[in-house]
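Following: one structure in structure tokens, then a few remarks.
The chain is numbered in sequence order, starting from 1. Being a predicted model, the structure only gives us computed values, none of them experimental.
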Amino acid sequence: MTDAELRVEALSLSGVSAIPPEYVRPEEERADLGDALELARAASDDADAARIPVVDISAFDDDGDGRRACVEAVRAAAEEWGVMHLAGHGLPGDVLDRLRAAGEAFFALPIAEKEAYANDPAAGRLQGYGSKLAANASGKREWEDYLFHLVHPDHLADHSLWPANPPEYVPVSRDFGGRVRTLASKLLAILSLGLGLPEETLERRLRGHELAGVDDDLLLQLKINYYPRCPRPDLAVGVEAHTDVSALSFILHNGVPGLQVHHAGSWVTARPEPGTIVVHVGDALEILTNGRYTSVLHRGLVSRDAVRLSWVVFCEPPPESVLLQPVPELLADGAGKPLFAPRTFKQHVQRKLFKKLKDQQDNNAAAASNGMITK
């Protein structure tokens with residue numbers, strides 16, 4: 001089978017009315033799956049349905065009550081939900097429009113042309129164009145293709161992995177990465193103040209300012225997710241339920257719904273909130289705050305009738321030079337015990353991957369055992 005035949009886009013374009021078994025989710029997951037468009041419409045029509053908070057941070061640059069209210073709103077969303085729709089983010093609409101247009105133009109190319117940027121996870125080459133193969137507890141594949149690469153700092157980026165077509169992809173992505181880096185600093189300052197700490201605290205801990213000789217910049221990884229039309233959205237997911245390993249994740253999309261977050265025991269569908277971007281709290285920030293801020297469990301659904309694209313920027317600490325552990329001030333004077341053992345970001349990612357692989361092995365063993373019993 002060629003790489004092109006592995007792409008979910010190729011499967012979708014083939015006109016199949018069923019999906020291969022490797023995409024069918026385990027039975028226990030399917031009770032609340034469905035078409036992303038239909039579930040979004042139902043959520044919009046339900047006045048009593050839970051809603052992801054909308055938080056406007058434009059007042060943070062002012063003094064007085066508006067600034068304090070902004071800090072409190074972000075704190076509450078990060079603690080109670082781990083996710084928010086962010087308004088007043090300062091990312092110009094024309095910049096976001098150009099970013100969307102460039103990503104859509106890349107994925108509109110023939111699959112064979114996109115293959116020039118193919119990654120090779122088996123060889124350790126994660127950046128590039130790819131499809132998610134089974135590397136999770138369920139052993140199932142996800143209904144998505146993607147483009148993944150470092151977008152900031154620019155001097156560390158491998159620009160050979162950035163599409164040359166469309167020609168505006170490189171300048172637009174470079175500009176966007178720099179702007180999100182500025183936004184990340186602002187949001188980390190707000191989140192620090194929400195903990196009663198100096199506003200530089202969280203970024204300093206993520207960049208290693210507290211460690212002698214360490215002051216690495218944050219790394220911003222861009223992932224464009226492409227979710228083709230799916231004939232059986234009641235059986236598949238675009239992205240399975242997970243938490244992000246990042247400190248923060250910034251998300252925009254092409255207007256097609258699909259994001260769900262887990263809150264208070266239920267899946268909540270993200271509604272359209274014009275002019276906002278979605279921000280997730282990730283594992284690294286949950287570790288630093290000793291669980292005060294919640295790394296949100298979320299997933300992506302798919303649709304029969306619409307193609308969804310989302311642009312996600314994962315804001316990460318440097319992989320090996322910074323030690324992630326709860327901020328000492330949050331544990332002072334008997335305020336609490338550390339919930340997380342110290343680890344580098346690389347160690348955290350490896351632990352999480354190891355757990356996924358072990359869970360998959362356990363599930364495979366259980367399935368084999370059940371098969372032997374029923375024969």
Side-chain angles (χ1 to χ4, degrees), residues 71 74-84 135-137 184-185 187-221 239-250 261-265 279-299 312-360 362:
V71 170
V74 171
R75 179 210 60 76
E79 284 192 359
E80 297 166 15
W81 282 79
V83 62
M84 65 197 82
N136 46 58
S185 285
L187 196 55
L188 288 169
I190 297 171
L191 289 162
S192 295
L193 293 172
L195 297 168
L197 301 172
E199 63 181 70
E200 69 274 9
T201 303
L202 291 175
E203 182 165 342
R204 286 173 65 92
R205 302 291 298 189
L206 286 167
R207 293 181 59 182
H209 285 282
E210 310 296 331
L211 304 175
V214 176
D215 181 13
D216 289 339
D217 199 0
L218 299 174
L219 302 178
L220 271 57
Q221 312 276 4
V239 176
E240 70 174 7
H242 68 287
T243 61
D244 291 344
V245 294
S246 59
L248 293 169
S249 301
F250 300 87
V261 302
H262 202 254
H263 177 72
V279 178
H280 288 171
V281 172
D283 296 350
L285 194 57
E286 183 176 67
I287 292 168
L288 287 183
T289 64
N290 206 37
R292 283 276 299 275
Y293 294 150
T294 303
S295 185
V296 63
L297 184 68
H298 58 284
R299 67 184 184 184
V312 186
V313 175
F314 302 102
C315 179
E316 302 172 354
E320 298 184 77
S321 60
V322 172
L323 199 62
L324 295 175
Q325 58 187 331
V327 175
E329 293 90 330
L330 298 178
L331 307 177
D333 302 321
K337 296 181 179 180
L339 301 178
F340 304 93
R343 80 284 303 266
T344 65
F345 183 71
K346 182 178 180 179
Q347 288 170 337
H348 177 69
V349 173
Q350 289 173 335
R351 289 183 190 187
K352 203 163 184 177
L353 180 59
F354 176 78
K355 184 179 185 304
K356 282 186 177 182
L357 293 175
K358 186 176 184 306
D359 288 346
Q360 182 177 344
D362 291 345

### Message
Applying ring-ring contact (aromatic ring centres under 6.0 Å, His included), can you list everything that pairs with His298, at least two apart in sequence or on another chain?
### Response
His242, His280

### Query
Which distance, rounded to the nearest 0.5 Å, do you find between the CG of Leu285 and the OG of Ser295?
8.5 Å

### Query
Would a 4.5 Å heavy-atom cut-off, applied to side chains only, mark Leu218 and Leu188 as touching?
yes

### Query
Rounded to the nearest 0.5 Å, what separation is found between the CD1 atom of Ile190 and the CZ atom of Arg75?
13.5 Å

### Query
Looking only at heavy atoms, which two atoms of Pro319 and Leu219 are closest? And how far apart?
CD-CD1, 3.9 Å

### Message
Which residue in the set Leu202, Leu330, Leu195 passes side-chain contact (heavy atoms from CB on, under 4.5 Å) when paired with Leu288?
### Response
Leu202

### Message
Distance check, rounded to the nearest 0.5 Å: Leu206 atom CG versus Thr201 atom OG1?
### Response
11.0 Å

### Query
Any side-chain heavy-atom pair from Val296 and Trp81 closer than 4.5 angstrom?
no

### Message
Can a donor-acceptor pair be found, under 3.5 Å and without considering hydrogens, that links the side chain of Ser246 to the backbone of Leu248?
### Response
yes

### Message
Can you list everything that forms a salt bridge (Lys or Arg N to Asp or Glu O under 4.0 Å) with Arg299? Sequence neighbours excluded, please.
### Response
Asp32

#### Entry: For Pro326 against Leu331, the heavy-atom pair lying closest together
CB-CD1, 4.1 Å

### Message
Which heavy atom of Gly291 sits nearest to which heavy atom of Phe340, and what is that distance?
### Response
N-CE1, 3.7 Å

### Gln325 side, atom CD; Ile287 side, atom CD1 - distance, nearest 0.5 Å
10.5 Å

### Query
How about Phe345 and Val245: do any of their side-chain heavy atoms sit closer than 4.5 Å?
yes

### Query
What are the two closest heavy atoms between His263 and Glu80, and how far apart are they?
CE1-O, 3.2 Å

### Pairwise distance CD(Glu203) to CG(Leu187) - rounded to 0.5 angstrom
11.0 Å

### Task
State the CG-CZ distance between Asp217 and Arg207, to the nearest 0.5 angstrom.
4.5 Å

### Message
Check this for me: does any side-chain nitrogen of one of Glu200 and Arg204 sit under 4.0 Å from a carboxylate oxygen of the other?
### Response
no

### Residue pairs involving residues 189-198 (criterion side chain to side chain donor-acceptor pair (under 3.5 Å); sequence neighbours excluded)
none

### Task
Determine the minimum heavy-atom distance between Asp216 and Pro318, stating which atoms define it.
CB-CG, 3.4 Å

### Task
Would you mind listing every salt bridge (Lys or Arg N to Asp or Glu O under 4.0 Å) that reaches into residues 284-296, with sequence neighbours excluded?
Glu79-Arg292

### Query
Nearest heavy-atom pair of Phe250 and Cys315: which atoms, and what distance?
CE1-CB, 4.2 Å

### Query
Looking at residues at least two apart in the chain, or sitting in another chain, which of them share a side-chain hydrogen bond (donor to acceptor under 3.5 Å, both in side chains) with His348?
Asp283, Arg343

### Task
Would you please name every residue forming a side-chain hydrogen bond (donor to acceptor under 3.5 Å, both in side chains) with Asn290, sequence neighbours left out?
none

